[in-house]
Structure formats: C-alpha cells, structure tokens
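Comments concern the structure below.
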Amino acid sequence: MELWDAIRNRRSCRKFSPQPVKEEDLQKIIEAGTWAPSPANNQPWEFVILTDQETKGQLHAACLKSKEEAFQKSGWRWLGKYEIDFLLEAPMIVAVVGDPAKTGVDQFSVDGRDGYKYACAAAIQNMLLMAHSLGLAGLWYTLLDQKAVKGLLNVPDDRTVCALVCLGKSGAEPLQTPRKPMDELTRRID
Ligand SMILES: Cc1cc2nc3c(=O)[nH]c(=O)nc-3n(C[C@H](O)[C@H](O)[C@H](O)COP(=O)(O)O)c2cc1C
C-alpha cells in the first residue's frame with residue numbers, strides 16, 4: 001500500500017468483527033511501532049498484548065467507570081451516549097506502555113519530561129498505519145484510569161499506559177472525519 005493511501009484512508013474503528021489478528025500481522029504491527037523515533041533512541045515503550053476475554057471484560061468495566069466519571073465532570077452529551085463495547089469486541093488490544101524515566105534532553109527544560117509520551121504516540125501511529133496497510137482497523141483509546149488498567153495488565157506503577165490500541169477487522173463503515181483546510185493551519189515565515 002502506498003504511504004499516502006495509508007495516511008489518508010486510515011480511520012478510527014469502534015466496531016470490530018471477531019476474527020482473530022494473525023500472529024504474523026501482530027508482529028509487523030509491533031515492529032512498525034518500534035521503528036518510531038524516540039528521544040536519543042531510548043525506545044521508551046513496551047507492548048502488552050491482550051486477547052483474553054475475561055481480562056478484556058474487566059478492562060471494559062474499568063473503562064466504563066472512567067467514561068462515566070468523565071461524563072459527570074464534563075457534562076458532554078456525546079460522552080453519555082458513547083459506547084465502548086469495542087473493548088470487548090476487538091479480538092486484540094495492545095497496551096502501549098511508556099517509561100517516564102526514558103525521556104530525552106527535554107527533561108532539562110522547564111516544562112519538559114514529555115519526550116517518552118511523544119515517542120509512544122509516534123509508535124502508536126506507526127502501528128495504526130501498519131494495521132491499516134494489512135487490511136486491519138484500529139483505535140487509539142485513552143479514556144482510562146491509569147491505576148485500574150495498570151492493575152489489570154500487571155504494569156508497574158512507575159510506567160504510563162499511553163494508550164490501548166484496539167485491533168481487528170472492521171465490523172462497520174468507519175466514521176468520516178473531515179480535516180480543517182490546510183490554509184487555516186499553516187503560516188509561513190519566508
Ligand atoms: C491522543 C489520542 C487519544 C484518543 N483517545 C480516544 C478515545 O479515548 N476514544 C476514542 O474513541 N477515540 C480516541 N481517539 C481517536 C480520535 O477520536 C480520532 O483519531 C479522531 O476523531 C479522528 O478520527 P480518525 O482517526 O478516524 O481520523 C484518540 C486519538 C488520539 C490521537
């Protein structure tokens with residue numbers, strides 16, 4: 001697949017069909033993640049691969065609670081209606097776990113220490129693009145409670161779960177998500 005095609009046509013998926021993700025596809029997706037740039041090449045990520053239905057059920061329950069809390073705090077109506085059954089339905093969820101100790105020279109700037117998160121974000125995007133190029137769909141999911149999710153996935157306290165990446169075959173047409181015109185987003189200093 002052309003790079004442009006992958007970038008342009010990847011969409012977030014919130015409805016998955018149950019076919020499992022092939023092991024060889026998973027390997028490519030994770031490897032794509034690991035080729036992302038990172039501060040001083042410190043590769044601050046780990047990938048926790050989840051297919052166990054019972055654990056997915058517990059994750060779903062924990063995330064429902066976070067979603068409800070976010071709804072109460074924000075009052076955003078869409079959050080009240082937003083369903084997260086994809087956490088149960090996606091045949092595979094990969095938690096991308098970042099290590100805050102592995103941030104870069106940004107740690108010496110006043111508002112630094114985010115380098116590891118940027119690197120994990122780059123890894124997640126690589127994973128989503130690779131999944132798309134393999135005919136799979138994905139979702140970058142973050143509405144979670146760190147403590148609860150770390151407990152369920154056996155992630156040490158000093159790490160950050162940067163995202164749950166849901167993966168599988170899409171079970172529905174994706175939402176079309178328009179982009180702002182480029183001239184609203186760019187300015188030049190020539
Ligand atoms: C940092 C980040 C966090 C996100 N968290 C969520 C999330 O918790 N739940 C969700 O459904 N989508 C989440 N998304 C996906 C966005 O909603 C989605 O990318 C955006 O609406 C654009 O749609 P598209 O990916 O189909 O182009 C997240 C995306 C990013 C980059």
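Atoms within each ligand, like the ligands themselves, are counted from 1 in listed order.
- Considering each of Ser12, Ser66, Pro178, the one bringing a non-hydrogen atom nearest atom 15 (C) of ligand 1 is Ser12.
- Nearest protein heavy-atom neighbour of atom 13 (C) of ligand 1: Trp140 O, 2.9 Å.
- Among protein heavy atoms, the minimum distance from atom 5 (N) of ligand 1 is reached at Thr142 OG1, 2.8 Å.
- The protein reaches atom 28 (C) of ligand 1 closely, with a heavy atom under 4.0 angstrom from it.
- The aromatic rings of Phe86 and Tyr82 lie tilted to each other, with the angle between the two planes from 30° to 60°.
- The closest heavy-atom contact to atom 21 (O) of ligand 1, among the options Lys117, Arg14, Arg179, comes from Arg14.
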Exercise answer: donor-acceptor pairs, residues 160-177 side-chain atoms, under 3.5 Å, sequence neighbours excluded:
residue : atom : partner : partner atom : Å
Thr160  : OG1  : Tyr116  : OH           : 3.0
Ser170  : OG   : Ala172  : N            : 3.3
Ser170  : OG   : Ala172  : O            : 2.7
Thr177  : OG1  : Arg11   : NE           : 3.1
Thr177  : OG1  : Arg179  : NH1          : 3.1

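- Hydrophobic cluster membership is shared by Leu143 and Leu50, with clusters built from Ile, Leu, Val, Met, Phe, Trp and Tyr side chains linked at under 4.5 angstrom.
- Side-chain polar atoms of Gln27 and Asp25 form no donor-acceptor pair below 3.5 angstrom.
- The shortest N/O to N/O separation between Leu143 and ligand 1 falls below 3.5 Å.
- Neither the backbone nor the side chain of Leu175 has a heavy atom within less than 4.0 Å of ligand 1.
- Side-chain contact between Asp85 and His60 is present, with heavy atoms from C-beta onward closer than 4.5 Å.
- Using a 4.5 Å cut-off between side-chain heavy atoms of Ile, Leu, Val, Met, Phe, Trp and Tyr, with links allowed through other members, Ile124 and Ile93 fall into different hydrophobic clusters.
- Protein heavy atom closest to atom 10 (C) of ligand 1, with residue, atom name and distance, is Tyr82 OH, 3.1 Å.
- Heavy-atom contacts of Arg11 reach the following atoms of ligand 1: 24 (P), 26 (O), 27 (O) (cutoff under 4.0 Å).
- Of the inter-residue distances, the one linking Gln58 atom CD with Leu153 atom CG reads 10.0 Å to the nearest 0.5 angstrom.
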